Amino acid sequence: MPYQLFVWLFVCHWLGDYSHLQTAAMIRAKATGKPVSLIFAHACVHGLLMLAVLLFYTWGQILIQLIAFQIGTHFLIDFWKSRMNTWFPAVKNPANQYHWLVFGFDQLLHHTVIVAMVWWLNP
């Protein structure tokens, strides 16, 4: 069960970040940090995707906690990254090595959240 859940939650993450589910306005908001509501909407998309998967694995209070954890952490991670883009504009440029360091750390944090969610269900 945990291995399948990992795969499905990683697919959800990929869909939320790299498909049409992330709008151009969300991408701009994540690059500039404004408006925060669009960054939150993006986090909610991730929460809804993961809700659809997690309904097959759990329900009740733990489901609510997992979705709140996903939305909250996704919002905080993306907001942090938007601040990095604002404070250090060179980080936006893919030719800058630090762009990839920030991008990689951002993805590491998102994936760590998914690992924590699976562990929460299967300690």
Side-chain angles (χ1 to χ4, degrees):
M1 175 174 109
Y3 301 112
Q4 292 171 339
L5 184 55
F6 274 123
V7 170
W8 284 114
L9 293 180
F10 285 128
V11 167
C12 289
H13 177 77
W14 179 82
L15 286 170
D17 273 357
Y18 303 106
S19 76
H20 68 285
L21 297 174
Q22 180 171 229
T23 67
M26 289 174 181
I27 293 169
R28 282 191 302 277
K30 286 172 46 179
T32 63
K34 297 175 187 172
V36 174
S37 60
L38 286 176
I39 300 171
F40 184 72
H42 170 71
C44 288
V45 167
H46 280 268
L48 288 172
L49 288 167
M50 293 193 184
L51 173 66
V53 167
L54 288 169
L55 280 170
F56 291 98
Y57 293 90
T58 191
W59 56 278
Q61 186 66 27
I62 194 164
L63 178 63
I64 294 167
Q65 291 170 340
L66 286 168
I67 298 307
F69 181 65
Q70 173 56 221
I71 292 171
T73 56
H74 203 96
F75 171 78
L76 290 172
I77 293 165
D78 284 357
F79 183 74
W80 163 79
K81 189 175 177 199
S82 75
R83 297 287 77 203
M84 294 298 290
N85 288 336
T86 303
W87 296 330
F88 307 103
V91 172
K92 288 191 228 180
N93 181 358
N96 183 321
Q97 69 179 7
Y98 295 108
H99 166 85
W100 296 106
L101 182 67
V102 171
F103 175 80
F105 188 63
D106 166 80
Q107 292 303 299
L108 174 67
L109 291 173
H110 288 306
H111 291 123
T112 300
V113 167
I114 291 171
V115 169
M117 290 171 69
V118 173
W119 181 82
W120 201 333
L121 279 175
N122 302 283

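Note that the coordinates shown come from a computational prediction; the quantities given were computed from them, not determined experimentally.
- More than 12 heavy atoms of other shown residues, nucleotides or ligands fall within 6.0 angstrom of atom CZ in Phe10.
- Through ILVMFWY side-chain contacts below 4.5 Å, Trp119 is grouped with nothing and stands alone.
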- Message: Evaluate Ile114 against Met50 for side-chain contact (heavy atoms from CB on, under 4.5 Å), listing each step before the verdict.
- Response: CA-CA 10 Å; Ile114 291 171; Met50 293 193 184; 3.9 Å; yes

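- For Arg83, the side chain to side chain donor-acceptor pair (under 3.5 Å) test picks out Thr86, with sequence neighbours left out.
- Between Tyr3 and Phe6, the angle of the ring planes lies from 30° to 60°, which puts this pair in the tilted group.
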- His46/His74 under side-chain hydrogen bond (donor to acceptor under 3.5 Å, both in side chains): CA gap, chis, key distance, verdict: CA-CA 8 Å; His46 280 268; His74 203 96; 3.2 Å; yes

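- Trp59 and Leu121 end up in different hydrophobic clusters when Ile, Leu, Val, Met, Phe, Trp and Tyr side chains are linked at under 4.5 Å.
- Partners of Asp17 according to the salt bridge (Lys or Arg N to Asp or Glu O under 4.0 Å) rule, which considers only residues two or more places apart in sequence or in another chain, are Lys30.
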- Item | From CA spacing to verdict: side-chain contact (heavy atoms from CB on, under 4.5 Å), Val113, His13 | CA-CA 11 Å; Val113 167; His13 177 77; over 6 Å; no

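- Residue Ile67 holds its CD1 atom at 9.5 Å from CG of Leu49, rounded to the nearest 0.5 Å.
- Taking the ring centroids of Trp8 and Tyr57, they lie at or beyond the 6.0 Å cut-off.
- A distance of 8.5 Å separates NE2 of His20 from CG of Leu15, quoted to the nearest 0.5 Å.
- Here the straight-line distance linking atom NE2 of His42 with atom CG of Leu21 works out to 10.0 Å at 0.5 Å rounding.
- More than 12 heavy atoms of other shown residues, nucleotides or ligands fall within 6.0 angstrom of atom NZ in Lys92.
- For the pair Met26/Val45, a side-chain contact is recorded, criterion being any heavy-atom separation below 4.5 Å from C-beta on.
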- Does the pair Phe105 and Lys81 meet the rule for a side-chain contact (heavy atoms from CB on, under 4.5 Å), with working shown? CA-CA 9 Å; Phe105 188 63; Lys81 189 175 177 199; over 6 Å; no

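- The number of heavy-atom neighbours closer than 6.0 Å to CZ of Phe40, taken from other residues, nucleotides and ligands shown, is 12 or below.
- The line from CH2 of Trp80 to CH2 of Trp87 is 9.5 Å long, rounded to the nearest 0.5 Å.
- Considering CD1 of Ile77 and CD1 of Ile39, their distance stands at 12.5 Å, rounded to 0.5 Å.
- The structure places CD of Gln4 at 12.0 Å from CZ of Phe56, a figure rounded to the nearest 0.5 Å.
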